[in-house]
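In the text below, chain A, chain B and the rest are named by the order of the sequence lines, each starting its count at 1.
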Number of protein chains: 2
Amino acid sequence: MEQTLTISIQDYLKNIYELTENGESASTNALASKLNVKPASVTGMVQKLASAKPALVEYQKHQGVTLTDDGKKAALEVIRHHRLLEAWLVQTLGYSWDEVHAEAEKLEHVISEDFERRIAAAMGHPLRDPHGELIPTADLQMPLDDSTPLSSLRANQSGTVQYVKAADAELLKHFETLGLIPEAELEVTGYSPFDHNLTIKIGRKSIVLGLNITSKIYVKES
Amino acid sequence: MEQTLTISIQDYLKNIYELTENGESASTNALASKLNVKPASVTGMVQKLASAKPALVEYQKHQGVTLTDDGKKAALEVIRHHRLLEAWLVQTLGYSWDEVHAEAEKLEHVISEDFERRIAAAMGHPLRDPHGELIPTADLQMPLDDSTPLSSLRANQSGTVQYVKAADAELLKHFETLGLIPEAELEVTGYSPFDHNLTIKIGRKSIVLGLNITSKIYVKES
DNA sequence: CTTTAAATTTAGCCTTGACTAAATTTATTT
DNA sequence: AAATAAATTTAGTCAAGGCTAAATTTAAAG
């Protein structure tokens, strides 16, 4: 019997935010598997969030959930905490790029606004976390992203890696080995229209990357 | 109707530790008022802790609680977290001496052992927190204290302030104003056997302190 | 030694947020 | 359009960890 640890409202909101970034609404099932909880439990919590004093989500039976403005603010608050913490842990405690996530995941829920301000100021109000993800501003707006997936570049285009979208540490390590880390500069030297593979030059080496990778590396074209 | 926020087991253990440092056992009532919880709730939790897989407390009806070795280890773990965090927050984020407590109170429960090791190492394994309280060692022993209350000194004895035992920020500020902070050096110039007041010289000023203060300032005689 | 007061425990209730199983709705096939 | 499959919701259960009120112990006072 698995111990059934309880998910915070903040986690619900954060995950709804992530699932709805594409404009679609989040399904009960998707949320459930993201949160490691049964769909029925999600339904219950979502109903509660929808009927909270200031409603945090918009919810219609069988139609999925969306965040209200209040809910979105709360979600961005947690995401800001998370990303600032990741940056902070890397910069001051020498955490590696792929170790910070779990620690930030726990701290994000308990730090004060004062703590948030202090670390933001100490780092000079960074725009992106160590993965390159955008950090919501202090007034809880998500900055516009001027990057595109590496997979959208073609031969002779070049750019600077902005961020790397990978959940698991193993993949992150792999990217790091390839040199595909934020700030890295690269140039596309070849494109295979058949399988969408790209040949890129990074530093002094030339490598071929499949779509599974090029769709996860975001670059700013230059 | 007050919202009834739930107290962690760690908080129970930490507070039992503090109440039993004098060798006595902790009463249900004392624990209840420390934790802002009703005595009946304490009884319930204490019974649970006593019958946990490895028992965390020793408990006999109407006799109060004591920590088992396992319970003491868990308590010292949290206390170590708390004190390391206070030191860390003061040193790296410029928190003032009296602001750190609340923040550390929240963080102490969620940081990983890795985080603990990192901040301890970054600070060079400090012995005391910013209040001067001893920090339990990495192997969870409470170091011996070689300090005595200022109230035990007499004329012509002098010492260095080790720590200041005050719960509320207001009192801490007062001590700070007087210059009674860790590392400060002072000399006792007078003693009134009637009311136990001490006249001390600290820096270039001379002040008279009552027992209410001298019993809370701990010094290392020199 | 009683009596009264104070502290503690018991018993039963309430809320939260999970869970399972059954019912219902929506979506997909044929 | 009917039948089946997949997703979602409802209903009822459970464990935690608070709470209150009543019962019981221990301690203090006369």
Side-chain angles (χ1 to χ4, degrees), chain A residues 1-16 19-20 22 24-53 55-67 71 74-75 78 105-106 109-110, chain B residues 1-16 19-20 22 24-67 71 74 78 105-106 109-110:
Chain A
M1 200 152 287
E2 300 276 319
Q3 90 152 355
T4 167
L5 71 96
T6 193
I7 314 286
S8 72
I9 287 178
Q10 293 185 335
D11 277 322
Y12 271 94
L13 297 175
K14 184 173 73 164
N15 283 280
I16 294 169
L19 288 174
T20 55
N22 55 12
E24 296 177 17
S25 72
S27 77
T28 307
N29 249 358
L31 249 182
S33 68
K34 254 197 127 194
L35 294 169
N36 282 307
V37 142
K38 296 291 178 286
S41 306
V42 170
T43 301
M45 177 58 79
V46 149
Q47 288 174 336
K48 182 188 148 184
L49 296 179
S51 56
K53 332 239 302 203
L56 297 170
V57 306
E58 194 77 47
Y59 167 69
Q60 304 259 68
K61 275 190 187 184
H62 300 280
Q63 305 281 105
V65 258
T66 295
L67 293 175
V78 192
E105 196 77 16
K106 292 181 297 178
H109 303 296
V110 300
Chain B
M1 201 150 284
E2 301 275 321
Q3 90 150 355
T4 167
L5 72 95
T6 194
I7 315 287
S8 71
I9 288 179
Q10 292 184 335
D11 277 322
Y12 270 94
L13 297 176
K14 184 173 74 163
N15 283 281
I16 294 169
L19 288 174
T20 54
N22 55 13
E24 297 177 15
S25 72
S27 78
T28 306
N29 249 358
L31 248 183
S33 68
K34 254 198 127 196
L35 295 169
N36 282 306
V37 142
K38 295 292 178 286
S41 306
V42 170
T43 301
M45 178 58 79
V46 149
Q47 288 173 337
K48 183 188 148 183
L49 296 179
S51 56
K53 333 238 301 205
L56 297 170
V57 306
E58 194 76 47
Y59 168 69
Q60 304 260 66
K61 273 190 189 186
H62 299 279
Q63 305 281 105
V65 258
T66 296
L67 294 175
V78 192
E105 196 77 17
K106 293 180 297 179
H109 303 296
V110 301

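Considering only side-chain N and O atoms, A:Ser41 lies nowhere under 4.0 angstrom from the phosphate OP1 or OP2 of C:dG17.
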_Output one letter per nucleotide in nucleotides 10-16 of chain C: B when a protein non-hydrogen atom lies under 4.0 Å from the base, S when only the sugar-phosphate is that close, - when neither is._
B------

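The two residues B:Val37 and B:Ser41 make their nearest non-hydrogen contact at CG1-CB, 3.4 Å. Taking every heavy atom of both residues into account, B:Asn15 and B:Leu35 meet most closely at ND2-CD2, 3.2 Å. Contact between A:Ser27 and A:Ala30 at its shortest, heavy atoms only, is OG-N, 3.0 Å. Between B:Ala55 and B:Ala50, the shortest heavy-atom distance links the atoms CB-O, 3.4 Å. Smallest separation of non-hydrogen atoms from A:Tyr12 and A:Leu31: O-CD2, 4.4 Å.
Protein atom CD of A:Glu24 is 15 Å distant from nucleotide atom P of D:dA7, rounded to whole Å. Counting to the nearest Å, the P atom of D:dA27 and the NE2 atom of B:His62 are 10 Å from each other. Nucleotide C:dA18 holds its C1' atom 15 Å from the CG atom of A:Leu49, rounded to whole Å. The separation between A:Asn36 atom CG and C:dA18 atom P is 12 Å, rounded to whole Å. C:dG17 atom C1' lies 14 Å from atom CG of A:Asp11, rounded to whole Å. For the pair B:Leu5 CG and D:dG17 C1', the computed distance is 11 Å after rounding to whole Å. Rounded to whole Å, the distance from CD on A:Gln10 to C1' on C:dG17 is 16 Å. The CG-P distance, from A:Leu35 to C:dG17, rounds to 13 Å in whole Å.
The backbone N or O of A:Thr20 sits nowhere less than 3.5 Å from a side-chain atom of A:Thr66 that would complete a donor-acceptor pair. Between the side chain of B:Ser25 and the main chain of B:Gln63, a donor-acceptor pair closer than 3.5 Å is present.
Among residue pairs with one or both ends in residues 26-48 of chain B, those qualifying as salt bridge (charged side-chain N to carboxylate O under 4.0 Å, His left out) are B:Glu18-B:Lys34; sequence neighbours excluded.
Mapping B:Pro39 and A:Val42 onto DNA chain C by nearest heavy atom places B:Pro39 at the nucleotide closer to the 5' end.
For A:Val37, the side-chain atoms get nearest to C:dC19 when compared with the rest of C:dG17, D:dG17, C:dC19.
For the contact set between residues 25-32 of chain A and DNA chain D, defined by any heavy atom under 4.0 Å, the members are A:Ser27, A:Thr28, A:Asn29.
The residue from B:Asp11, B:Ile7, B:Leu13 that alone fulfils the side chain to side chain contact (heavy atoms under 4.5 Å, CB included) condition with B:Ile9 is B:Leu13.
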